[in-house]
There are 2 protein chains.
Amino acid sequence: MAYTVGQVAKAAGVTVRTLHHYDEIALLSPSGRSSAGYRRYDDDDLERLQHIRYYRELGFPLEEIAAILDDPASDPAAHLRRQHELLSGRITKLQEMVTAIEFAMEARKLNIPLTPRERFEVFGDFDPDAHAEEAEQRWGGSAAYEESNRRVARYSKDDWLRNKAENEDWGRRLAEVMASGAPAGSPAATELAEEHRQLISRWFYECSYEIHTGLADMYVADERFTAYFERIRPGMAAYLSEAIHVNAINRA
Amino acid sequence: MAYTVGQVAKAAGVTVRTLHHYDEIALLSPSGRSSAGYRRYDDDDLERLQHIRYYRELGFPLEEIAAILDDPASDPAAHLRRQHELLSGRITKLQEMVTAIEFAMEARKLNIPLTPRERFEVFGDFDPDAHAEEAEQRWGGSAAYEESNRRVARYSKDDWLRNKAENEDWGRRLAEVMASGAPAGSPAATELAEEHRQLISRWFYECSYEIHTGLADMYVADERFTAYFERIRPGMAAYLSEAIHVNAINRA
DNA sequence: GCTCCCGCCTGCCGTTACGGGAGGGTCAAG
DNA sequence: CTTGACCCTCCCGTAACGGCAGGCGGGAGC
């Protein structure tokens, strides 16, 4: 089969101008011309264009694409394998970006400032995924996230202020309980732990006891979250963490 | 905290020149300058740069990024949500591209030509994933794929020729059995069905009876595969399909 | 206090991958 | 035989930087 520029352009999702350009730089020259000088593309040309499109999507410059496509050492099948591999890589990277975004969202909820390093982890050339993986585990599956995002999306500025106020009030009361000398396993403390859980459930996502204890562990393991609670009152991170655990056991 | 261009550039994974450019076009102007005219970026600048980087990764032109970042109607949290959504979309698209590649690989194995439409399905603007989903179901999980690809990667040109020869020989013999008038359920036919299964197992991937009957269904359901067998001998697709099913039952 | 090197500054020209016409031929349908 | 859709070849424009020149600034080591 033979196709005109217009047909090829439409099928491949590119403009005619692009095909002209590819012809100019000899990246993809149609295998023939009509008597009137019209470009005629055949199936082999289409296969080449297919590879071009995939490599382009993967960010390769045209010159490099020409080089690898004209490399006699690799056949079409090899290109498919290579593209498969590269695409998988891209997907992983994008997934890391997604978790990074989720991380930033979570940090925002608690007003925890991100370090420059955290902001650009996925872009920077420092050692990859070490932290990303960790973060993944922390706020694992997107189940709770999705819900949280759906809800948060509808919040007005007023809602946010109320949320913040409730949060601060809760923090003050927990600090008071700590000051009173009541142990983390005491009813006063576990009651506030339970309230914390319900606060999250009401504002963000259905927070099960399991998720809650997960958060508790994070609060002591991750310095940024630790710092957040420590700023309210020294020792609060560990205190709250223990209270949450006891509360979860009590209610089970 | 305040940072210099160099520090910001390194952290964010961009060049200093890029930051200069962003300053020039007023996309990201540092919040201050030192007495000597050095650019000083603060944390808010970093947050803005963070959003810029994500939107750029998503393919937005700088001008548009400036517009949406300066839009008073959306705050940082809104951007995070938007980026989350867009990233998820990109991931889905890339995954579709991966299955398209796998589709092309499978087609190559059988020397089935792809239609222009199939080549560029993921790029074109025709109705999405209708076929993609279908294809997914057909050669479902990547378990068999991965193995197939691993093996195929090591094949020499000679291997391919031997494979092709074996394949053609098998086709000829099946055509003979059909010509002899033996029904699809006859030992002669099911024997060749079994041989087909072992051919696949030897060359591509461990082909269980279950996978094999799956392939059989595909051979009659997908016109491209049907056409492949029909070209060897009319009626072969249905004949082989039945033989494979009978063989699977017999051996169970 | 001086030097030295590294980092920062402002132009300014170059490049990639096309976009988008202008001006003019072509082809199939009515 | 016209007409509208499609094709051709120039040719200029643009976005997003890359990269260098030529010159100032600054801090650490002598």
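Letters A, B, ... are given to chains in the order of the sequence lines, protein chains preceding strands, and every chain is numbered from 1.
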Segment of DNA chain D, first to last nucleotide, that comes within the 4.0 Å heavy-atom reach of chain A: D:dC6 to D:dC11
Testing A:V16, A:T15, A:T18 for side-chain contact (heavy atoms from CB on, under 4.5 Å) with A:V5, which one passes? A:V16
A:H20 NE2 - C:dT16 P separation (whole Å): 21 Å
Look at the side chain of A:R90 and the backbone N and O of B:L94, then say whether any donor-acceptor pair between them is shorter than 3.5 Å. no
Please give, in whole Å, the distance from C:dA17 C1' to A:I25 CD1? 8 Å
Around A:E63, counting heavy atoms of other residues, nucleotides and ligands shown, do more than 12 lie under 6.0 Å from its CD? no
Criterion side-chain contact (heavy atoms from CB on, under 4.5 Å) on A:R40 and A:Y3, from CA distance to verdict: CA-CA 6 Å; A:R40 317 247 85 184; A:Y3 313 87; over 6 Å; no
From CD of A:Q7 across to C1' of C:dC27 the rounded distance in Å is 13 Å
Selection: residues 32-46 of chain B, any non-hydrogen atom under 4.0 Å of DNA chain C: B:R33, B:G37, B:Y38, B:R39
Under a 4.0 Å N-O cut-off, is there an ion pair linking A:D70 with A:R48? yes
Hey, does the side chain of B:E64 reach the backbone of B:P61 with a donor-acceptor pair shorter than 3.5 angstrom? no
Expressed as a whole number of angstroms, how long is the span from A:I52:CD1 to C:dC18:C1'? 14 Å
Separation of C:dG19 atom C1' from A:L19 atom CG, nearest Å, is 14 Å
Quickly work out the A:R17 CZ to C:dA22 P distance and round it to whole Å. 15 Å
What is the distance, to the nearest angstrom, from the NE2 atom on B:H21 to the C1' atom on C:dG14? 14 Å
Determine whether A:R33 and A:D23 satisfy the following criterion, salt bridge (Lys or Arg N to Asp or Glu O under 4.0 Å), listing intermediate values before the conclusion. CA-CA 12 Å; A:R33 293 273 186 143; A:D23 191 3; 3.2 Å; yes
Measuring to OP1 and OP2 of C:dG19, would you say a side-chain N or O of A:T15 lies under 4.0 angstrom away? yes
Could you tell me whether the side chain of A:T99 and the main chain of A:E96 form a donor-acceptor pair under 3.5 Å? yes
Among residues 59-69 of chain B, which ones have heavy-atom contacts with DNA chain C below 4.0 Å? none
Would you call A:R81-B:E102 a salt bridge at under 4.0 Å N-O? no
Taking OH from A:Y22 and C1' from C:dT16, how many angstroms apart are they, rounded to a whole number? 11 Å
Which atom pair, heavy atoms only, marks the closest approach of A:F123 to B:A12? CB-O, 3.6 Å
Pick out which of B:Y54, B:Y55, B:F60 makes a ring pair (Phe, Tyr, Trp, His ring centres under 6.0 Å) with B:H79. B:Y55
